[in-house]
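Report on the structure given below.
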Amino acid sequence: MRDTFLPFSKPCITEAEIAAVGDVLRSGWITTGPKGAQFESDLKAYTGAKDVVCMTSETSVMQTLVRAIGLGPGDEVITPSMTWVSMVNITALCGATPVFVDCDKDTLMITAEAIEKAITPRTKLIVPVHFAGAILELDKIREVAARHNIMLLEDAAHALGGEFKGEKIGKKGHVMFSFHPIKNITTGEGGMFATDDQALADRMRSLKFHGLGVDAYDRQTHGRAPQAQVVEPGFKFNLPDMQAVLGIGQLARVDEMNRKRGEIMNCYLDKLAGIEELIPLKRPDYDFVHAHHLMVVRLDIDKAAMSRDDFMSELKKRNIGTGLHFRCVHLQKYYRETMNCQRGMLPNTEYNSDRILSLPMFPDMTEQDLNDVVDAIKDVLKK
Ligand SMILES: *Cc1c(COP(=O)(O)O)cnc(C)c1O
């Protein structure tokens, strides 16, 4: 058994990136400024998006966007329940109704067919998730959204660097990313909105900073302070330079870090192939580039004669950390009670919610670390 704890994720940060953060701290300008502007322009160049707006988290992007499109009571938002709680919470907070759609049993993503069945005259927004770095079947989903004239908002928290049929995620449509420490790149906390709709980008930029026409850096550098006025009430979600500068360094290495993640994932798939109690996700067979965000497996709880939670705690006793992406949202206390959600509503989601776990995977992980995980798994399963 290994003698140090292996976390399931760990940010990969270089000394040069740490030094760059120090430079910003010493520079006299630490909030949103030149580094924020450069990070946004680097993200635009990387994704090919028409415009990007950085914020303090992806959840901030969601909150700003629902305000921008005027989402409110009576409106419905189509979302998976197999997701992080952010979009469902933001929907509930503005008085709109989340409409949960069951995921595919083996990719954990929602399909165009399932989305279409959930559409009603009240549907205002569709928010599917690119899961674990695999990419949604975007052409079919876009076609359904367009035919019903409903806004599509991709949750690409797991998908920076991913591509669908040769097109980088973020290049087209409205797409949100997260720079939380476990994601493919990090700014400590942070997020961005990428869009090909310039008017919407401008509105988001204003709404994320008090609803002023300009942000602090604009005011400082262009001397527009006296003219800055609230055009509509907004939030305070700007990403400071001390964080953006970390993102600049991280983004320059995203392809290299994703490649390492991919190698680790392939190595896991190899080594776990003989362990029938662990079932990996299915890789969709259409053309896409995987962002290799999470190594998700399902525990066959009958064969293992053990619950997933017990399996995770047995691994922890052996110094192996794991994650859970995700505990389904519709059965969490608030949604169960306020929306009367019950077990049986979303069979594929519930099946997976009881069986999934995420194994350690991060760019700096060593072969020894990976072997330790596999050994611990075999030990728990008495192999
Ligand atoms: C991490 C994550 C988010 C939230 O991102 P934050 O930057 O923490 O707000 C949203 N959706 C999914 C699927 C995520 O994994």
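Counting begins at 1 with the first residue of the sequence. Just follow the structure's listing: the first ligand is 1, and inside any ligand the first atom is 1. Here the structure is a predicted model, which is why all the values come from computation and not from measurement.
The protein heavy-atom contact nearest to atom 11 (N) of ligand 1 is Asp155 OD2, 2.7 Å. Atom 7 (O) of ligand 1 has Ser178 OG, 2.7 Å as its closest protein atom, hydrogens excluded (heavy atom only).
Side chains of Ser353 and Met82 form a contact here, defined as non-hydrogen atoms less than 4.5 Å apart.
Close approach to Gly190 involves these atoms of ligand 1, each under 4.0 Å from a residue heavy atom: 7 (O).
The shell of residues lying under 4.0 angstrom from ligand 1, judged by heavy atoms, excludes Ser60. Ligand 1 does not have Phe131 within reach: every non-hydrogen atom of the residue lies 4.0 Å or more from it. Ligand 1 is approached by Ser86 to a heavy-atom distance shorter than 4.0 Å.
With a 6.0 Å cutoff to the six-membered ring centre and a 45° limit on the axis angle, Arg336 does not count as a cation-pi contact of Tyr334.
The closest non-hydrogen atom to atom 14 (C) of ligand 1, taken over His130, His180, Lys183, Glu58, comes from Lys183.
Ligand 1 has a nitrogen or oxygen under 3.5 angstrom from a nitrogen or oxygen of Thr59.
The ring-ring contact (aromatic ring centres under 6.0 Å, His included) search around Phe177 returns none, not counting sequence neighbours.
No option in Met55, His210, Arg67 other than Arg67 meets the side-chain contact (heavy atoms from CB on, under 4.5 Å) test with Phe235.
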